[in-house]
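Chain letters run A, B, ... following the sequence lines, proteins first, then strands; residues in each count from 1.
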Number of protein chains: 2
Amino acid sequence: MTRFKIGELAQAANVPRDTIRYYERTGLLSPPERTSSGYRLYDQSDVDRMRFIRAAQSLDFTLAETKSLLELKASDHAKASDILAVTLAKLDQAKLKVERLGHIREILQKLADACPQDAATDACPILDFLSNGDFVELGSKEQKTSKMERTTTLTTRRELT
Amino acid sequence: MTRFKIGELAQAANVPRDTIRYYERTGLLSPPERTSSGYRLYDQSDVDRMRFIRAAQSLDFTLAETKSLLELKASDHAKASDILAVTLAKLDQAKLKVERLGHIREILQKLADACPQDAATDACPILDFLSNGDFVELGSKEQKTSKMERTTTLTTRRELT
DNA sequence: ATAACCCTTGGACCATGGTCCAAGGTCAAG
DNA sequence: CTTGACCTTGGACCATGGTCCAAGGGTTAT
């Protein structure tokens, strides 16, 4: 198995080196072996893992979700239904976002169509719309994370759960 | 004109007091008058402004964009076409996002449909998809503001621009 | 007059996903 | 032996839109 240093993995995965170290810090990549002088050593499986992460990212999975997926993948007591659950949650999110953005698109399109370009701003239907507090009710952008118990965590490194 | 303190404006606009002070800090709200003891004093026009901001937010305008819109609204040399330009840019963004998320939705739907819930994770088409580096090409989530590509040389020197 | 609220400030902190830096160690070529 | 490319670390910083806190002063009701 060919081993290589972080620069090469960075090239193969098309990300900056810092991103790889960041993924390691957050637990997405496990601490790699090191040369006697402390250089990180990677192999093809790490390239695969990086590609997995990037693919998941491209489907809007967060790094925390991606971490879960990787853990499920590595687990032998996990079932496909566990993966499916994560996927369905993401699918749901995507549907809601498409719906919300589609609505925004419609509104903006109508307002733009109705806007007489050469008029003063007073006659602009867009400003009217915003001023009249007609406000788009549709789920908010993000669903909120329930607030966490903030015990005195001095010097705790952020780790994905 | 009835004047009131920050708590009442917060109630009227349905936001926390801190958000109002935050908007003031960032220039979305101009510094209000103060009582002799330093309390901020607001009136109906501030309620309207807050509603404008929330309406713009609901259409995915950022606070910076909203600030521009408010400035254009207040300006007397601004034309409706200036507002239109901001709106069209946002419309474009919405279209791209709808397209991207629609694509994601399709992929996730297909993968979910193909997933045999009772199988081991080895047989999961979702993990296959992610492992095979099939990665969704469609604009990234955010368009980035001139990113410095510091892809270190690694055998190939790059000229500074 | 004293509790119960309201208000003020500056600054720290939250999530998310990185990005950059300085100070220093390592390694191969010339 | 020096140069240059590469690597290490901890920590600061970026954008975005807030949220929370402590320490202190102001106002209102009893």
Side-chain angles (χ1 to χ4, degrees), chain A residues 3-11 13 15-29 31-42 53-54 56-58 60-67 140-161, chain B residues 4-11 13 15-29 31-42 53-54 56-58 60-67 140-158:
Chain A
R3 290 164 182 294
F4 37 87
K5 303 205 282 320
I6 199 170
E8 259 186 272
L9 177 57
Q11 284 239 300
V15 297
R17 281 174 300 266
D18 276 340
T19 296
I20 295 170
R21 288 190 279 247
Y22 172 69
Y23 286 174
E24 182 183 333
R25 275 208 298 287
T26 56
L28 266 159
L29 296 179
E33 292 181 54
R34 302 286 188 125
T35 65
S36 56
S37 51
Y39 289 12
R40 289 172 178 79
L41 280 181
Y42 298 98
I53 295 168
R54 306 310 281 185
Q57 289 276 88
S58 79
D60 270 10
F61 286 104
T62 65
L63 293 182
E65 289 161 347
T66 303
K67 195 183 170 194
S140 50
K141 296 173 67 112
E142 325 281 323
Q143 61 264 49
K144 36 201 71 173
T145 335
S146 54
K147 217 183 301 182
M148 281 217 218
E149 197 100 33
R150 274 208 315 115
T151 51
T152 31
T153 52
L154 279 166
T155 326
T156 316
R157 215 187 261 300
R158 243 197 319 141
E159 180 126 0
L160 273 25
T161 41
Chain B
F4 36 86
K5 303 205 282 318
I6 199 171
E8 260 186 89
L9 177 58
Q11 283 233 297
V15 297
R17 283 171 294 279
D18 275 340
T19 297
I20 295 170
R21 288 189 278 248
Y22 172 69
Y23 286 175
E24 182 182 332
R25 276 207 297 287
T26 56
L28 266 158
L29 296 179
E33 292 181 54
R34 302 287 187 125
T35 65
S36 56
S37 50
Y39 289 13
R40 290 172 177 80
L41 281 182
Y42 298 98
I53 295 168
R54 305 310 281 185
Q57 289 277 88
S58 79
D60 270 10
F61 286 104
T62 65
L63 292 182
E65 289 160 347
T66 303
K67 196 182 167 192
S140 50
K141 296 172 70 108
E142 326 281 324
Q143 62 266 42
K144 32 209 65 176
T145 35
S146 78
K147 183 145 299 203
M148 312 295 138
E149 191 90 21
R150 265 236 308 151
T151 319
T152 21
T153 49
L154 198 58
T155 332
T156 21
R157 245 275 174 239
R158 188 173 300 221

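- For D:dG18, the OP1/OP2 oxygens have a side-chain nitrogen or oxygen of B:Y23 closer than 4.0 Å.
- When rounded to the nearest whole Å, the span between NZ of B:K5 and C1' of C:dT8 equals 13 Å.
- As rounded to whole Å, 16 Å separates atom P of C:dC6 from atom CZ of B:F4.
- A:P31 and A:E24 get closest at one heavy-atom pair: CA-OE2, 3.8 Å.
- Nearest-nucleotide mapping onto DNA chain D: of B:R21 and B:L63, the residue sitting toward the 5' end is B:L63.
- Among the protein residues, B:T62 comes within range of the sugar-phosphate backbone only, with heavy atoms under 4.0 Å from sugar or phosphate atoms but none that close to a base.
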Are B:V15 and B:R54 close enough, and set up right, to give a side-chain contact (heavy atoms from CB on, under 4.5 Å), and what steps lead you there? CA-CA 10 Å; B:V15 297; B:R54 305 310 281 185; 3.5 Å; yes
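- Scanning for side-chain contact (heavy atoms from CB on, under 4.5 Å) contacts around A:P16 gives A:T19, with sequence neighbours left out.
- Residue B:Q57 places at least one side-chain N or O under 4.0 Å from the OP1 or OP2 atom of D:dG18.
- Heavy-atom nearest nucleotides on DNA chain D were determined for B:S36 and for A:L41, and the one closer to the 5' end corresponds to A:L41.
- Distance, A:L29 CG to C:dG17 P: 14 Å, rounded to whole Å.
- Rounded to 10 degrees, the angle between the two end axes of the helix from C:dA1-D:dT30 to C:dG30-D:dC1 is 30°, with five pairs used at each end.
- Note on B:T19: every side-chain N or O is 4.0 Å or more away from OP1 and OP2 of D:dG17.
- Taking all atoms of both residues into account, the shortest heavy-atom contact from B:Y22 to B:L63 is CE2-CD1, 3.7 Å.
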Under-3.5 Å N/O pairs linking protein and nucleotides 10-12 of chain C:
none

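- With contacts defined as side-chain heavy-atom distances shorter than 4.5 Å, the pair B:I53/B:K67 does not qualify.
- Under the salt bridge (charged side-chain N to carboxylate O under 4.0 Å, His left out) criterion, B:R17 pairs with no residue at all, not counting sequence neighbours.
- Nucleotide D:dC7 holds its C1' atom 15 Å from the CD atom of A:Q11, rounded to whole Å.
- Remark: A:L9 CG to A:R3 CZ distance equals 13.0 Å, nearest 0.5 Å.
- Computed from coordinates, the A:R34 CZ to C:dC27 P distance equals 14 Å when rounded to whole Å.
- OP1 or OP2 of D:dC7 has not a single side-chain nitrogen or oxygen of A:R40 nearer than 4.0 Å.
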Check nucleotides 23-25 of chain D for protein N or O atoms closer than 3.5 Å to its own N or O atoms and list the pairs.
unit_1	atom_1	unit_2	atom_2	d
D:dG25	N2	B:Y39	OH	2.7

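- A 4.5 Å side-chain heavy-atom check between B:Y23 and B:T66 finds every atom pair outside the cut-off.
- A:D60 CG to A:Q57 CD: the interatomic distance, rounded to the nearest 0.5 Å, is 8.5 Å.
- Atom CD in B:E8 sits about 16 Å away from atom P in D:dT27, given to the nearest Å.
- Atom pair B:Y22:OH and C:dT9:C1' shows a separation of 18 Å (rounding to whole Å applied).
- Between A:S37 and C:dC27, a side-chain N or O to OP1/OP2 separation shorter than 4.0 Å is present.
- Qualifying side-chain contact (heavy atoms from CB on, under 4.5 Å) partners for B:Y39, counting only residues two or more places apart in sequence or in other chains: B:K5, B:T35, B:S37.
- Annotation for B:Y42 and B:I20: closest pair OH-CG2, 3.5 Å, computed over non-hydrogen atoms.
- One finds no side-chain N or O of A:R17 lying less than 4.0 angstrom from the OP1 or OP2 phosphate oxygen of C:dC21.
- Rounding to whole angstrom units, CZ of residue A:F61 and P of C:dG17 are separated by 13 Å.
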